[in-house]
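The structure appears right after this line, and notes come after that.
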Amino acid sequence: MKNPQMFPAFIFVPAIFLGCAFSVGCGGSGSNSTPPQTIASSGNNVASISVSGGLDGFYADAAFVSVTVCVPGTSTCQTIDNVLVDTGSSGLRIVSSALAALPLPQQTSGSNPVVECFPFVSGYTWGPVETADVEIAGEKASSTPIQVLSDDFTAPSGCTGFGASQNTTLDANGIVGVGLFTQDCGDYCTVVQTAPGDPNLYYECSSPTVCAPVGESLAQQVPNPVSLFSTDNNGVIIELPTVSAGGEPSVSGSLVFGIGTQSNNALSGTTVYTADDSGSFTTTYKGTAYPGSFIDSGSNGYYFLDSSLTGITECSDATGFYCPGSTVNVSATNQGQNGNSNTINFSIESADTLFNSNDSAYSDLGGISGTTPQNFYFDLGLPFFFGRNLYTGLQSTAYPNGYWAY
Amino acid sequence: MSEARGGFIRSGLAIAASGLFILGALPAWASLGGDRASVDADQVHLQGTRTTKAVESYTVHEIQSANGAVVREYVSAEGKVFAIGWNGPWMPDLRQLLGNYFEQYVQAAKAQNAARPGRRPLLIEQPGLVVEVGGHPRAFTGRSYVPEMLPQGVRAEEIR
């Protein structure tokens, strides 16, 4: 933690932003009437989350939660800790080695096990689709398809072609995708794709080594588990406190289920920014709009544009991270598909300096999104969640592609 | 479709659009580092359209699937595939697109993840291979090129 006086750049920041930087109550909305942040601490719809470094202690800027999975309809359960909270995807994925011997039923197509290959930017997860009762806090999603990450079946080339396997490299016991969409894939996966440019995500395996693409109905696909809760099933709020410049060893907060369903999850006082059909909105920086931008708790930093556009120096060793000589303040404008817009302000400090602190929570960690126009966007990762209650609304009739609100 | 960016056309050579033509449902996939003959030999059925655009020192083959996945292949005047770009709701088959460079990419991605755990845009910058992958599920983007294969005068920023 550093003294703010070390940052001369702050002198030039408008007073309203200074208020934001040091007030728990600032939601970054650019309005000085924002009420203080309240983090829900109790309720059947409230799960504790922590930003504490994960399994090996040095997974920075990632929020983890405990999830209980049960054999459907029974009390044969296991609680899995260190599950990454990811608003950038949908679906619960658990590493098989963390599941011990819990006998979850295998989903089948005919008599063949259904196995999924799910692509992330970092690589893919592969493993059977099994059915579980999923319990988080006081909420329960009954008979929910989940992905169990294992190599018991040999991943076909259509899967391994996504890149690196993440089955054993998540640095977490799983990922709980609580994003914008009800299913992890959606209509695209209800039929087998045959064009070479269109990959398949679901397979049926007639033997441990022979897997062929299969169409999965929406109900069979791995869903955002929140969508199957009996109540509080229309979205989540991530509530994390402000993190000081320079980082903190760890912080904790809440994952609140439901939006506008209880006294602790009202949407009032926020602004809704709707997403497009690919789960993105537009962030404008220095007069240029970047329509592929998004908010994602599963990204562990602010990732945006590149040095040529931001003027922020890249690290010489930590590829892709920003390493400015002194803290840089960034201002940009988020705009939803619905036209609502909001100016955001954040800071970027040298990743080298931050990583040397061995903290787990950094409010000012960032890097580039890419080096070519199609990879220019704002990925507002977990640091964007610090100090503001951030709502991720599930797709619905009113919001076909879901929304963010803060 | 790909466009020649303003900064690329040098010395008033306005030939960017001269080679533009569109072929319906013509199948062709190439691998990074492969040659044009392999493009034509690798005839697979593609449910989409291919657009070919010739610019000063290379040709861009853009293939779009019915589901909105787009792959762009950059072929030099000598007939070598020196770069690949893609975007779409899901990841493309990088083994096919990167060809002999695929394993190098996978090993580099694993090493980077091991060095610093976290989920973020993936950027591999090695002397012999550049790969970047970005976006999120339902909206992936990426590109790859072999620096030493870039035709003279072609800037990396043109590859998208």
Side-chain angles (χ1 to χ4, degrees), chain A residues 54 56 58-62 84 86 88-90 118-124 157-158 160-164 166 169 171 179 181 184 186 188 193-199 201 277-280 292 294 296 298-301 303 318-320 355 367-375 377 379 381, chain B residues 5 27 29 44-48 63-71 85-97 102 105-110 112-125 130-143 156-160:
Chain A
D56 54 19
F58 69 111
Y59 190 162
D61 277 351
L84 180 72
D86 182 20
S89 70
S90 290
F118 194 79
F120 291 96
V121 167
S122 319
Y124 65 88
S157 64
T160 58
F162 287 154
Q166 292 228 292
T169 59
D171 294 291
F181 297 103
D184 64 351
Y188 175 88
Q193 301 293 338
T194 56
D198 293 330
L201 274 56
D277 59 7
S278 64
S280 302
F294 53 98
D296 174 20
S299 294
N300 70 333
Y303 297 99
T319 305
F355 290 151
I368 70 172
S369 62
T371 61
T372 185
Q374 68 163 342
N375 282 5
Y377 53 80
D379 172 356
Chain B
R5 296 173 64 225
W29 283 89
V44 288
H45 184 64
L46 185 76
Q47 295 169 353
I63 305 168
Q64 178 152 8
S65 83
N67 286 298
V70 179
V71 170
W86 66 87
N87 57 271
W90 304 105
M91 283 288 290
D93 186 341
L94 291 182
R95 180 182 285 102
Q96 181 143 29
L97 294 182
F102 177 73
Y105 162 68
V106 170
Q107 294 310 316
K110 285 180 176 174
Q112 198 170 95
N113 187 73
R116 176 62 58 188
R119 307 177 75 75
R120 56 185 179 270
L122 188 53
L123 185 67
I124 306 297
E125 285 181 334
V130 172
V131 185
E132 55 184 87
V133 184
H136 53 86
R138 302 197 187 209
F140 288 94
T141 64
R143 69 165 183 168
E157 302 91 277
E158 295 167 31
I159 300 159
R160 46 195 302 190

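For clarity, every value in this text was computed on a predicted model and none was experimentally measured. Each chain gets a letter, A, B and so on, in the order its sequence line appears, and its residues count up from 1.
- Residues forming a side-chain contact (heavy atoms from CB on, under 4.5 Å) with B:Arg138 (at least two apart in sequence, or on another chain): A:Phe181, B:Trp90.
- Between the side chains of B:His136 and A:Ser299, no donor N or O sits under 3.5 Å from an acceptor N or O.
- If you take CG on A:Asp198 and CG on B:Asn67, they are separated by 4.0 Å, rounding to the nearest 0.5 Å.
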Item to check | CA sep, side-chain torsions, deciding dist, call: A:Leu84, B:Arg119, side-chain contact (heavy atoms from CB on, under 4.5 Å) | outcome: CA-CA 10 Å; A:Leu84 180 72; B:Arg119 307 177 75 75; 3.4 Å; yes
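- Using modelled atom types, no side-chain atom of B:Thr141 and backbone atom of A:Asn375 make a donor-acceptor pair closer than 3.5 Å.
- Residues A:Ser157 and B:Arg95 bring no donor and acceptor atom of their side chains to less than 3.5 Å of each other.
- Heavy-atom distances place the side chain of A:Tyr377, and not its backbone, under 4.5 Å from chain B.
- We find the CZ-CG distance between A:Phe162 and B:Leu94 to be 9.0 Å, quoted to the nearest 0.5 Å.
- Ranked by non-hydrogen atom pairs under 4.5 Å with chain B, the options A:Tyr188, A:Phe118, A:Phe58 are led by A:Tyr188.
- There is no contact between B:Gln107 and chain A, counting heavy-atom distances below 4.5 Å.
- Using a 4.5 Å cut-off between heavy atoms, A:Ile368 touches chain B through backbone and side chain atoms alike.
- At distances below 3.5 Å, at least one donor-acceptor pair connects side-chain atoms of A:Gln374 with backbone N or O atoms of B:Gly142.
- Interface remark: B:Ala115 contributes backbone atoms only to the contact with chain A (heavy atom separation under 4.5 Å).
- Interface summary for chain A: among B:Pro137, B:Ala109, B:Pro121, the most heavy-atom pairs under 4.5 angstrom belong to B:Pro121.
- Only the side chain of A:Phe294 comes within less than 4.5 Å of a heavy atom of chain B; its backbone N, CA, C and O stay farther away.
- When heavy atoms are compared at a cutoff of 4.5 Å, A:Thr160 approaches chain B by way of both its backbone and its side chain.
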Next on the checklist: For A:Thr372 and B:Ile159: C-alpha separation, side-chain torsions, deciding distance, then whether side-chain contact (heavy atoms from CB on, under 4.5 Å) applies.
Outcome noted: CA-CA 7 Å; A:Thr372 185; B:Ile159 300 159; 5.6 Å; no
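- Of the listed residues (B:Ala139, B:Gly68, B:Gly135), the one with the most heavy-atom contacts under 4.5 Å to chain A is B:Gly135.
- Using modelled atom types, one side-chain atom of B:Asn113 and one backbone atom of A:Thr169 make a donor-acceptor pair closer than 3.5 Å.
- In this structure, the side chain to side chain donor-acceptor pair (under 3.5 Å) partners of A:Thr371, at least two apart in sequence or on a different chain, are B:Glu132, B:Arg143.
- If you take CZ on B:Arg120 and CG on A:Asp61, they are separated by 11.0 Å, rounding to the nearest 0.5 Å.
- With a threshold of 4.5 angstrom between heavy atoms, A:Asp184 approaches chain B through N, CA, C or O but not through any side-chain atom.
- Taking the side chain as every heavy atom from C-beta outward, A:Tyr124 and B:Met91 never approach each other to under 4.5 Å.
- Of all the listed residues (A:Gly320, A:Gly54, A:Gly298, A:Ser89), the one sharing the greatest number of non-hydrogen pairs under 4.5 Å with chain B is A:Gly298.
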